[in-house]
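Structure first, commentary second.
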Amino acid sequence: MLIPLALSSEVPIYQQIRDRVVEGIASGALPAGSSLPSTRALAADCGVNFHTVNKAYDQLRREGLLQLTRKHGAVVSRDHNTGPPPPGFTDDWRSRAHTLLAEARAQGLTTEEINALCTGLLEDFAADAAGEPGRPGTGERQGTA
Amino acid sequence: MTALVLVQAAALLLLTGLAWAMPGLAQPSLPFGVRIPGDRAGEPVIAAAVRRYRARVLPGGLATAAAATAGTLLAGRSALALAVVPPCAVAAMVALCWSVYYRAHRTVAAAKAEHGWFDRVPQGIAVDTALRTDPERYPWAWALPAAVITAGTAVLGAVRYPALPATLVTHWDGNGRADGRAATTVLTAFTPVLLQAAVGALLAGSAVVALRSRQSLDAEHPRASAAQHRGFVRWTARGLLVLAAFVNLSLLGTALTMWGLLGHSAAQDAALTGLPVLLGVLVVVFIAVRTGAQGSRLTVDATDGAGRTAVANRDDDRYWKAGVLYVNRDDPSVFVPKRFGIGWTINFGSRGGRLVTVLLLVALLTAVLLLN
């Protein structure tokens, strides 16, 4: 799975890594049981400090999305097929969505527009998960050499 | 001595050719080791720098080769001179290539700064986790030839050992005369086999390092460069194993001569020792030229869609000292892709990098001492 990081962004690198992994899980690029590189390996590949990746992985672990074991490294522990969210998650997410939607409404987006955008994004996740099992970067090797 | 003259000239001419070709083998966003946004690759100042670089490196290289050849011929039979000229020639060639490269590097870097090529250009990194979770497999089949040759030489040695004379020739001088003998023991008789095993292990180990090397994807074309990275490390590993096989073949030739299974002449020695190594080196060079730096010349199936991504690669020129030495304490990687040529260089700012440097120097000193 491809993790693009924007260096000029206001979003810290560890947050970007965490966000891209969450999106990967949602879109099916990282199904439950799939692996992520070890903290050291990912830090080396990104050219960033070990602690930056550690912070991202730690956040994912606390969210229940990633399991870090000595033997298997970093493994995705759940996706949308695994079952209902853990207790308290929905309330917490709702309060964050509350702010996000408030932003949209304050800036003049209509309810219909907001609903259409949200539906579109969710459909994209579902389409990615269903439609392209062998997409480059999801584990299948490419190259003609 | 003719062999030495030919080998030296061939090596220097090969280096000149590679230096000449280098700008065409570099990654598109790194002309002369200067990081640029992809859409600046066509800037006229870069093309002009390439022309000037080539116009300087070609005659310079040819002159160095000519001078080295003359030096070796003039040295006559002086063993000291014959030992000194080749390393000096190589050092001169490297110094020439670097200085011409560095001038071009400064020109492009100056243009980039003066015209603000990175002004308001968002920079990014791209990482493909699959390169770690589903890495390229070790090409064991390609290691077989080297292993088989080593085993075959060992068996041959074991069969021949009882019939060996009391002393063995261990060193021939530059003119093909035996100038070192040693008592025949298992250790001295099997030196070629031990060297085969050592060289084989070293190159096989280097292949592992290559396969596990950190990715340095082009943030502007992440999918394509991930596929190119796979192809590059795959072919680099294979090339190193092929080189091991050829070097082992060369050592087999040495063993056959040492054990008296082949007659001995200066020309034959040169052919047996030199030709396989030359072929091995040519294979590696061919692979390097065909793949380009980090596989940038490979055609791959993976694409990044219609346009480039919205970011340019990170402008990290400040970590590259003199355009060729990478020193970055914040980067944990030990090996990073070179900016001058094809392959990897050491991150001298990392702990692992400094350790590797020390180990390499020790190994080099040991090798030099053992050969003398």
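Letters go in sequence order (proteins before strands), and every chain restarts at 1. What you are looking at is a predicted structure, and each value in this text was computed from that prediction instead of being measured.
- For the set B:Val121, B:Asp331, B:Ile125, the entry with the most heavy-atom pairs within less than 4.5 Å of chain A is B:Ile125.
- Other residues, nucleotides and ligands place no more than 12 heavy atoms under 6.0 Å from the CZ atom of B:Arg212.
- Here the shortest heavy-atom pairing between B:Pro122 and A:Ser8 reads CA-OG, 3.4 Å.
- In this structure, CZ in B:Arg329 is found 13.5 Å from CG in A:Asn49, a value given to the nearest 0.5 Å.
- Between atom OG of residue A:Ser35 and atom CZ of residue B:Arg132 there is a gap of 13.5 Å, rounded to the nearest 0.5 Å.
- At most 12 non-hydrogen atoms from other residues, nucleotides or ligands lie less than 6.0 angstrom from CZ of A:Arg94.
- Heavy-atom distances place the side chain of A:Leu42, and not its backbone, under 4.5 Å from chain B.
- No side-chain donor-acceptor contact under 3.5 Å links B:Thr133 to the backbone of A:Pro37.
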Next item on the list: Just do the side chain to side chain contact (heavy atoms under 4.5 Å, CB included) check on A:Leu2 and B:Val127 with the steps written out, would you?
Entry: CA-CA 6 Å; A:Leu2 225 50; B:Val127 171; over 6 Å; no
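- For the pair B:Asp128 (side chain) and A:Met1 (backbone), a donor-acceptor distance under 3.5 Å is present.
- Your options are A:Gly73, A:Pro4, A:Cys46, A:Ala6, and the one with the most heavy-atom pairs under 4.5 Å with chain B is A:Cys46.
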Identify every side-chain donor-acceptor pair in residues 280-294 of chain B under 3.5 Å, counting partners at least two apart or on other chains, and give the distances.
{"from": "B:Thr291", "atom 1": "OG1", "to": "B:Ile287", "atom 2": "O", "distance (Å)": "3.0"}
{"from": "B:Thr291", "atom 1": "OG1", "to": "B:Ala288", "atom 2": "O", "distance (Å)": "3.3"}

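- Summarising the geometry, atom CD belonging to B:Gln215 is positioned 4.0 Å from atom CG belonging to A:Asp45; distances are rounded to the nearest 0.5 Å.
- Residue A:Arg105 qualifies as open at atom CZ: its count of foreign heavy atoms under 6.0 Å is 12 or below.
- Without hydrogens or angle criteria, B:Thr129 side chain to A:Leu36 main chain gives no donor-acceptor distance under 3.5 Å.
- Ranked by heavy-atom pairs under 4.5 Å with chain A, the first of B:Ala224, B:Ala226, B:Gly124, B:Gly295 is B:Gly124.
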